[in-house]
Every structure is written in C-alpha cells, then in structure tokens.
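The structure under discussion appears below in the form of structure tokens.
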Amino acid sequence: EQKGQPALEQLPLVSIIIPVYNRPLEIRDCLESLQRLDYPRDRYEVIVVDDASTDNTREVISEFPVRLVAVAKNRQAPYCRNLAAQKARGSILAFIDSDCLADPLWLRELVAYFKDPATGAVGGMVDAYFKESGLDRYEEVKSSLIMGRRARRSQAKENWLYVPSCNFLVRRDLFASLHGFEEDMFVGEDVDLCWRIQDAGFHVEYRPMGKVYHKHRNQLGAFCSRRFDYGTSEPLLQQRHLMRRKLFVFPLGASLFWAAAVVSAAAGTWPLAAACPAIALLDAAFKWNKSRMSGLELDYSAVLWSVPRGYLAFLNNVCAFVSRYYLIWALILFPLLPVLAFCIIGMHLASGFVEYWIKKPRQNLLSFLAYFSSDQLSYQAGVWWGCLKKWSFKAIAPRMVSKIPQKGN
C-alpha cells in the first residue's frame, strides 16, 4: 500500500485493453512494460485488439502472453476498446495506448481508489517519453494529455473533469451500462465518456501517480495535425453536452477596471485613468465589508492587495482565451485592421510568457513561444473548422457571467 492511498482488502482483477494499428515497435515496448508491472500476474489480463494492421504488428503481439483480438476491417480505437471490453473478465478495465509504456506501479497506485463505490473512473499521470528535442521539451510541460500534479475529483459544480483514454481505469459494469466509448468519435471520446460517467452519478478522479510514458508525435507536422484533430472535438462535445456550455467569468470590479484602462488609453483621455485606482479601492472596500458580514476577520491590507492580483489573473484569462481561439484572426485581419491584429498578437504573447513562467520548460523563451504559437494556431483552426461544419459557435463564444453559478456538490 502506497502512502496516501486507500487500502483494498483484495486487489481486483484488471483487464488491460490496448488498441493498435500498424505500430509493431511501439506495441512491443508497451507489452514489455506490462510484463514489469508490480501487480500479481493472476490478477490482470492483457487484451490487444489489432485494428486490421497491414504490417507485422500482429506477429509482434503473438510473441507475448496476451489475448489477441483481430479485426478484419480498420474501425478506429473506440470500436476496438469496446470490443475488448465485451470480452474482458476483470471488474476494472484499464485502458492504455500502444504508444505508451506503463510504469511498474501503474495499476497498484490507481486501483485502490475504487474502494470508494462512488468512484466510477480514475486516471493517472501521462508523462512524455521523449525528452531531447525542443518539441519534446515543449510536450513535456504542455502536452494535451498532461493533467497536472494536483489530485482532482469531479464535483457537480465543476463537472468538466476528464482523464485521457491512454491512462484510464473504469468499472467494467459502469462502462457496459454506458455502452462504452462513442464509436463515431475519433477524438474527444474520452472526454465524452468521462462526462457521461459524471452524469450517471459517479465521480471521475485524477491522481498524479500511476504513470504511463507517452511517445508523443515529435515531428512538427504530425504535432500540428494532432492538435488540429483535438480542436475539432470541441464543437461536437458542446453539441452533445448542452448542459456544459463554456462559461467565461467577468468579475464586475476587474471588468470595470480594465474597461476604464482601455478606454483611457485608446481615447488619450488620461484623466479617465484616475478612475482605475478608484474602482480598485471601491472593490477592495466592498470585498472587505462583505467578508466582515460573513464573520471573517480579514486584514484590510490583505484584501487590498488581493484586488490587483485578481485583476491580473482576470487579464491573463482574457489573454489566454484570445490566444487559444482567436489568434488565427490576427493573421487574417492584419491587412485590414493592423491595430486589432497587433492587440491579438500581444495578448497571445502575454499568455505565452505567463505559461513559460509557470511551466518552466527546459528550453528558452523563443523556442517555447514558437511551439506555443504552432500549438494554438493548429488547435483553434480545428475548433473553427468544427464550428463551421456543425454551424454552431458555442465552443468559441462562451456564456458570459459575473460569477460561477453555485450548485450543490
């Protein structure tokens, strides 16, 4: 039993499921890593679904003591995962991708969380396998599969949590009752399933342990193509999960402060800038009075200093949103509206600098910003393409609120 983990009276039988297509070298490394698991061999099985590979992938799989399920026609990963789940014997299904390697403690560190009957699915950390190139070092901190180093558990008031399917454990009975992954979704299917698990009344947990190592696409073209694919899933997910429409919080004080700052700068009316500190002081006084009415004895100076920090955080959120979804328009609008284009680019660079400062990648700022820009442009091109195909723009036009609606846990 690892420190901080709930104990199980008996280790559950786990069915490890791997879909694969034309990856003989990767599947060999993956299966070899599973042979080194620190988990009783009689308490897990490995099911590999070969998705009609046209090379020697199937021959490589046959060298290992696993159950091989061969598909005659290429059907994509969601279909293969569902097919294997129907043949699984374990009470827990553990999904890993063929381009991943499992840490020896992968299963042992994650299955213990199923002691809680309200937990439907658990995901662990996905770390980068490649570490050398500039793109490798970017992926090491900014991969879409990295869920962070803080444990998280889904709640009713924050029901956006998901874990990627390359490191995903779920109760077999629950998986079957939800009919598994949506087979017509080739990206975003893991997000969709995690949200449906929460809608069924179960929790999804992320734990920064139970690690797998992912062999990400470390060529720029393949990297951008995959980010584009990820982007196309956003409009589809918004369409399928109408109750999870994206929100953008515009706090009243911060919104008024930055609106006054922008108007005064744009109009050249510098006396209007005096409104900015006045707004901040009034906001601080309001927050301090509200805290006292709630029975909290907070020092006014602490409240006062929290206001500019909140304003900067709000500004960063706005810059990050523009960078994530609207940078592409700076390229399109530059000949017609160069000032607006420069503003968008400036917000993008500001967001990139903050990400660099927070993530602390093992590369210089210019290298990081180059990959960050490629990442953002590729992803949002996919989002906009998906929006146009669905003729629905909720993914890029969130509902604006002054605060997050309060719901019961």
Side-chain angles (χ1 to χ4, degrees), residues 234 238 245-293 298-358 365 369 372-373 375-377 379-381 383-384 387 392-406:
E234 268 212 49
Q238 287 282 295
R245 183 171 178 185
K246 200 178 297 179
L247 302 177
F248 200 105
V249 180
F250 280 82
L252 180 60
S255 301
L256 290 174
F257 177 90
W258 290 114
V262 169
V263 170
S264 64
T269 310
W270 296 109
L272 183 60
C276 294
I279 291 170
L281 290 171
L282 287 172
D283 196 11
F286 174 78
K287 287 181 169 61
W288 182 65
N289 186 58
K290 184 178 180 181
S291 68
R292 291 188 64 193
M293 292 177 64
L298 298 180
D299 183 68
Y300 181 72
S301 62
V303 176
L304 184 63
W305 282 113
S306 72
V307 169
R309 288 199 299 269
Y311 289 2
L312 289 173
F314 169 68
L315 179 62
N316 179 58
N317 288 340
V318 173
C319 290
F321 183 81
V322 170
S323 170
R324 189 60 162 167
Y325 296 103
Y326 287 90
L327 176 61
I328 196 169
W329 285 97
L331 307 180
I332 298 171
L333 296 175
F334 188 82
L336 300 174
L337 299 168
V339 174
L340 177 59
F342 274 120
C343 287
I344 293 173
I345 293 171
M347 296 172 79
H348 163 70
L349 293 176
S351 176
F353 178 80
V354 171
E355 285 290 301
Y356 182 81
W357 181 66
I358 293 173
L365 177 60
L369 287 176
F372 180 69
S373 300
D375 185 350
Q376 300 291 71
L377 286 169
Y379 183 85
Q380 64 196 248
V383 173
W384 281 91
C387 287
S392 173
F393 297 89
K394 292 180 179 179
I396 53 175
R399 186 161 63 91
M400 298 180 185
V401 296
S402 60
K403 60 181 180 180
I404 297 176
Q406 295 298 313

Minimum-distance pair of heavy atoms, taken over all atoms of [X] and [Y]:
| X | Y | answer |
| --- | --- | --- |
| I345 | A330 | CG1-CB, 3.8 Å |
| V383 | A395 | CG1-CB, 4.2 Å |
| A260 | I279 | CB-CD1, 4.2 Å |
| Y311 | A280 | OH-CA, 3.7 Å |
| Q238 | K246 | OE1-N, 3.5 Å |

Side chain to side chain contact (heavy atoms under 4.5 Å, CB included) evaluation trace for I396 with R324: CA-CA 9 Å; I396 53 175; R324 189 60 162 167; over 6 Å; no

Check against side chain to side chain contact (heavy atoms under 4.5 Å, CB included), L256 and D283: CA-CA 10 Å; L256 290 174; D283 196 11; over 6 Å; no

Centroid-centroid distance, F372 to H348, less than 6.0 Å: yes

Determine whether more than 12 heavy atoms belonging to other residues, nucleotides or ligands lie under 6.0 Å from atom [atom1] of [X].
| X | atom1 | answer |
| --- | --- | --- |
| F353 | CZ | no |
| F342 | CZ | no |
| F286 | CZ | no |

[X] [atom1] to [Y] [atom2] distance, which is reported to the nearest 0.5 Å:
| X | Y | atom1 | atom2 | result |
| --- | --- | --- | --- | --- |
| L337 | C343 | CG | SG | 10.5 Å |
| F257 | L315 | CZ | CG | 9.5 Å |
| L312 | N317 | CG | CG | 11.0 Å |
| F334 | I344 | CZ | CD1 | 11.5 Å |

Under 3.5 Å, side chain of [X] to main-chain N/O of [Y], donor-acceptor pair present?
| X | Y | answer |
| --- | --- | --- |
| S351 | M347 | no |
| Q380 | I328 | yes |
| S323 | C319 | no |
| Y325 | A397 | no |

Candidate pair W258 and F250, rule side chain to side chain contact (heavy atoms under 4.5 Å, CB included), full reasoning: CA-CA 11 Å; W258 290 114; F250 280 82; over 6 Å; no

Aromatic ring pairing F248/F314, orientation class (parallel under 30°, perpendicular over 60°, tilted between):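 It falls in the perpendicular class, over 60°.
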
